[in-house]
Trainee: 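Below are the structure tokens for one structure; questions will follow.
In what follows, every heavy atom counts, from backbone to side chain, and hydrogens, waters and symmetry copies are set aside. Below, chains carry the letters A, B, ... as their sequence lines are ordered, and counting in each starts from 1.
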Amino acid sequence: MPELPEVETLRQHLDGVARGFRVQKILVNKPRIVRPESVTAFKRLLGGQTIHHIDRRGKFLMVHLNGGSPFKPLIIHLGMSGRLFFRDRSDAFQDIPHLAVALEGDDRVLCYVDVRGFGRWTFDVSSLERMGPEPLDPDTFHPEYLQQICRDRSVKIKDLLMHQERVAGLGNIYVNEVLFLSRLHPMRPAGTIPKPGLVVLCQAIRKTLTEAVRLGTSSDLDFEGTGRGDGFFYFGRSGQADREVKERFMVYGREGQPCPACDTPILRMMISQRGTYYCPTCQTL
DNA sequence: CACCATGTTCCTTG
DNA sequence: CCAAGGAACATGGT
């Protein structure tokens with residue numbers, strides 16, 4: 001569920017339904033998720049607390065809590081396959097496949113399911129402290145900032161944009177879309193892009209992410225993938241909502257299909273071990 | 001069986 | 001110290 005738009009969609013949803021939720025009991029089925037804390041330390045920090053509100057930073061959710069250390073929010077990262085949703089307390093939530101963490105409240109249970117187990121629940125802020133600016137914040141993210149991080153760098157522009165210490169929240173799907181919109185080849189050395197190109201790139205990042213959040217929050221999402229409508233996420237299981245989301249990508253996952261701009265077949269290559277999709281006519285080196 | 005998958009972190013090499 | 005490249009993590013879908 002991973003990139004900024006999906007996390008923001010989840011944040012908005014949860015912020016509206018999780019405020020005031022009091023953690024009565026904690027179940028940790030996959031201890032790896034709460035690293036580096038021990039399960040007992042994690043439970044001590046979270047037990048008895050109430051959710052005050054939920055923020056986002058890059059791909060991280062920050063769950064602010066009442067009743068305990070006020071400056072230590074619970075930080076959640078969904079990794080590649082994390083899902084978060086509420087179930088009734090009467091449901092057999094403990095039997096949900098790949099349930100990694102569950103927070104039991106008075107009448108609901110906040111369930112965290114993570115098939116691959118790359119996600120993380122922690123109170124450790126170290127990875128947040130090094131994170132780059134929010135791409136949707138015009139005060140810190142603008143063409144001049146892009147110019148600053150690109151200058152004198154030979155790194156491929158795709159790798160640079162996916163580096164969370166440079167820009168927070170872009171991942172492998174949306175970076176492909178952004179580069180297509182910007183007409184930039186994914187392997188273009190960052191330092192060779194002239195200022196006008198960086199202005200276009202900045203605009204493409206804002207447009208791509210803003211539009212994805214807009215679609216994510218306005219669509220009738222099948223949150224849990226079961227048709228129930230409460231729970232979470234719409235991408236990664238082969239349901240109807242999933243297909244609708246995929247259809248709006250211009251190049252991601254579209255190897256061999258015609259470029260939306262010029263009909264040249266989309267190519268796929270590997271960059272840093274990630275599938276990279278681009279139009280060889282529109283995006284030249 | 002082979003290959004691919006929305007991500008981060010750690011290690012090695014230069 | 002920095003940058004680049006790659007493997008590892010764990011599991012499922014096609």
Trainee: OP1, OP2 of C:dA4 versus side-chain N and O of A:S154: anything below 4.0 Å?
Mentor: yes
Trainee: If we require ring centres under 5.5 Å and near-parallel planes under 30°, does A:F118 stack on B:dT8?
Mentor: no
Trainee: How many whole angstroms separate atom CD of A:Q164 from atom C1' of B:dG7?
Mentor: 8 Å
Trainee: Return no unless some side-chain N or O of A:Y277 is found under 4.0 Å from OP1 or OP2 of B:dT6.
Mentor: no
Trainee: Nearest 0.5 angstrom please: A:T122 OG1 to A:L46 CG, how far?
Mentor: 11.5 Å
Trainee: So does A:K156 get a side-chain nitrogen or oxygen closer than 4.0 Å to the phosphate oxygens (OP1/OP2) of C:dG5?
Mentor: yes
Trainee: How far does CD of A:Q283 sit from SG of A:C259, to the nearest 0.5 angstrom?
Mentor: 7.5 Å
Trainee: I want to check one thing: is the phosphate of C:dA7, taken as OP1 and OP2, less than 4.0 Å away from some side-chain N or O of A:Q273?
Mentor: yes
Trainee: Do A:R116 side-chain and B:dA5 base share a donor-acceptor contact under 3.5 Å?
Mentor: yes
Trainee: Roughly how many Å apart are C:dC9 and B:dC1, using the C1' atom of each and rounding to a whole number?
Mentor: 22 Å
Trainee: Between A:K59 and B:dT6, is there a contact of a side-chain N or O with OP1 or OP2 at under 4.0 Å?
Mentor: no
Trainee: Using atom CZ of A:R120 as one end and atom P of B:dT6 as the other, report the distance to the nearest whole Å.
Mentor: 21 Å
Trainee: Do A:Y112 and A:V115 share a hydrophobic cluster, counting only Ile, Leu, Val, Met, Phe, Trp and Tyr and linking them when any side-chain heavy atoms are less than 4.5 Å apart?
Mentor: no
Trainee: Taking OP1 and OP2 of C:dT11, is either one under 4.0 Å from a side-chain nitrogen or oxygen of A:H98?
Mentor: no
Trainee: Give the rounded distance in Å between these two atoms: CD1 of A:I271 and C1' of C:dA4.
Mentor: 14 Å
Trainee: If you check the A:M162 side chain, which of B:dT6, C:dT11, B:dG7 turns out closest?
Mentor: B:dG7
Trainee: Any carboxylate oxygen within less than 4.0 angstrom of a Lys/Arg side-chain nitrogen, looking at A:E144 and A:K195?
Mentor: yes
Trainee: What about A:F86 and A:F21, are their ring centers closer than 6.0 Å?
Mentor: yes
Trainee: Given atom CG of A:N176 and atom C1' of B:dA5, what is their separation to the nearest angstrom?
Mentor: 13 Å
Trainee: For the pair made of CG in A:D159 and P in B:dG7, what is the distance, rounded to whole Å?
Mentor: 13 Å
Trainee: Which listed nucleotide (B:dT6, B:dT8, C:dA4) is nearest to the side chain of A:V155?
Mentor: C:dA4
Trainee: If I take atom CZ in residue A:R32 and atom P in nucleotide B:dG7, what distance separates them, rounded to the nearest angstrom?
Mentor: 16 Å
Trainee: Taking the side chain as everything from C-beta on, heavy atoms only, tell me whether A:E211 gets closer than 4.5 Å to A:R248.
Mentor: no
Trainee: Closer than 4.0 Å, any side-chain N/O of A:Y174 to the OP1 or OP2 of B:dT6?
Mentor: no
Trainee: Please check if A:L170 and A:V155 belong to a single hydrophobic cluster, counting links between Ile, Leu, Val, Met, Phe, Trp and Tyr side chain heavy atoms closer than 4.5 Å.
Mentor: yes
Trainee: With heavy-atom distances below 4.5 Å as the criterion, would you say the side chains of A:I271 and A:D159 are in contact?
Mentor: yes
Trainee: Roughly how many Å is it from CD1 in A:I157 to C1' in C:dA3, rounded to a whole number?
Mentor: 16 Å
Trainee: Using a heavy-atom cut-off of under 4.0 Å over every strand shown, decide if A:S127 touches base, sugar-phosphate, or nothing.
Mentor: sugar-phosphate
Trainee: Can you confirm whether the side chains of A:E6 and A:Y174 place a donor and an acceptor under 3.5 Å from each other?
Mentor: yes
Trainee: To the nearest Å, give me how far apart CZ (A:F249) and P (B:dA5) are.
Mentor: 13 Å
Trainee: Which value, in whole Å, describes the distance between the P atoms of nucleotides B:dT8 and C:dG12?
Mentor: 22 Å
Trainee: Can you tell me if A:R153 touches the phosphate of C:dA3, counting only side-chain N or O atoms and a distance under 4.0 Å to OP1 or OP2?
Mentor: yes
Trainee: Does A:K59 pair with A:E3 as a salt bridge, N-O distance under 4.0 Å?
Mentor: no
Trainee: Is the phosphate of B:dG7, meaning OP1 or OP2, less than 4.0 Å from a side-chain N or O of A:R274?
Mentor: yes
Trainee: Are A:S90 and A:D88 linked by a side-chain donor-acceptor pair shorter than 3.5 Å?
Mentor: no
Trainee: Regarding A:R268, tell me which of base, sugar-phosphate or nothing describes its non-hydrogen contacts under 4.0 Å with the strands shown.
Mentor: sugar-phosphate
Trainee: Classify the nucleic acid contact of A:G119 as base, sugar-phosphate or nothing, counting any heavy atom under 4.0 Å across all strands shown.
Mentor: nothing
Trainee: So what stems show up for DNA chain B if we need 3 or more Watson-Crick or G-U pairs in a row, all under 3.5 Å?
Mentor: B:2-5 with C:11-14, B:7-14 with C:2-9
Trainee: Identify, residue by residue, the members of residues 165-172 of chain A with a heavy atom below 4.0 Å from DNA chain B, and return them in order of residue number, or none.
Mentor: A:G171, A:N172
